[in-house]
Amino acid sequence: MGGAGGGGFGGFGGFDGFGDLGDILGGMFGGAFGGGRRRTGPQQGDDIGYRVSITFEEAAFGVKKEISYSRVCHCPDCKGSGAAPGSRAETCSVCRGTGQVKRVQRMGGMAFQSTAPCDNCHGTGRVIQNPCAKCRGTGMAKEVKKLTVSIPAGIDDGERIALRGQGNDGKNGGPAGDLVILVNVRNHAIFERNGINISCEVPLTVAEATLGAEIEVPTLEGNVKYNIPEGTQPGTSFTLRGKGIPSINNSNRRGDLIFRVTVEIPKGLNEKQKNAMKAFADSCGEVNYAKHKQFFKKIFGQK
Ligand SMILES: [Zn+2]
Ligand SMILES: [Zn+2]
């Protein structure tokens with residue numbers, strides 16, 4: 001009973017374990033623990049799972065997706081009663097419509113009372129003399145349903161949205177299950193996401209990192225200009241406040257964009273460029289390379 005078009009991933013279990021426990025305890029103690037779901041009484045419809053794949057940007061800003069899935073519904077001919085149009089299901093005369101019969105069993109000199117589903121009506125409390133031809137008296141049918149799902153801004157990969165009552169219709173007057181949308185967020189070409197913050201790497205040239213520069217930094221809403229200070233080291237992180245993902249819980253709150261710079265060492269230099277680099281290197285002293293100086297001081301200090 002999964003969703004249509006290969007999108008579904010099967011129903012989610014209800015509280016069947018609890019219902020069975022109620023039956024067992026009810027059977028042992030004469031119904032004192034009643035309230036557990038009767039196996040053949042009103043049954044809630046199954047939940048239906050449906051997977052939706054969206055882009056990184058759609059997750060950040062929200063999106064509406066039209067989906068189509070198949071669900072179990074009440075038979076349109078008999079409106080779920082199971083009785084042919086023009087006829088009615090009648091109240092079971094054996095159990096008087098309760099769907100259950102009392103039994104007394106003697107074990108070791110004790111009389112154990114229990115309740116069991118009524119055989120005459122299979123626990124439904126109703127008997128159909130003239131079953132509906134379309135659903136053969138089951139009252140249930142299948143339909144393909146179209147829905148527009150609003151996926152809120154800030155949703156993250158693997159999160160679920162439950163649409164109450166859009167799952168399979170219930171049996172014997174039970175409520176419908178839910179449609180559970182499982183959201184899959186596709187990766188972005190450059191951004192990674194961590195909660196409401198996003199991050200990326202930005203490569204700088206040696207000259208940009210050394211001299212400082214106004215660079216272009218990508219955001220989810222286009223590039224912005226940013227001033228990198230003089231003497232920026234590789235691995236330094238900068239933060240653009242409020243350029244991350246909006247909080248799904250608080251629309252006033254938005255995460256940050258953190259970009260980390262790398263420095264690209266130029267390759268394929270010609271003779272003229274190499275000579276210029278050598279001349280530049282010769283002009284540098286310890287004062288220009290604090291880390292380099294400290295590193296070798298540590299080595300000689302250990303000897
Ligand atoms: Zn029917
Ligand atoms: Zn009955």
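For the numbers below, each heavy atom of this structure counts, side chains included, while hydrogens, waters and symmetry mates do not. Fair warning: this is a prediction, and the values are worked out from it, not measured in the lab. For ligands, and for the atoms within them, numbers begin at 1 and follow the listed sequence.
- Looking at N270, its side chain does come within 3.5 Å of a backbone N or O of Q273 through a donor-acceptor pair.
- Between SG of C92 and SG of C121, the angle at the Zn ion (ligand 2) works out to 120°, rounded to 10 degrees.
- Put simply, the residue from L182, V180, L179, V149 that forms a side-chain contact (heavy atoms from CB on, under 4.5 Å) with Y50 is L179.
- Rounded to 10°, the angle that SG of C78 and SG of C135 form at the Zn ion (ligand 1) is 110°.
- Contact detail for R71 and Q166: the closest heavy-atom pair is NE-O, 3.7 Å.
- Put simply, the angle at the Zn ion (ligand 2) from SG in C95 to SG in C118 is close to 110°, to the nearest 10°.
- Remark: the E286 side chain and the H292 side chain contain no N/O donor-acceptor pair separated by less than 3.5 Å.
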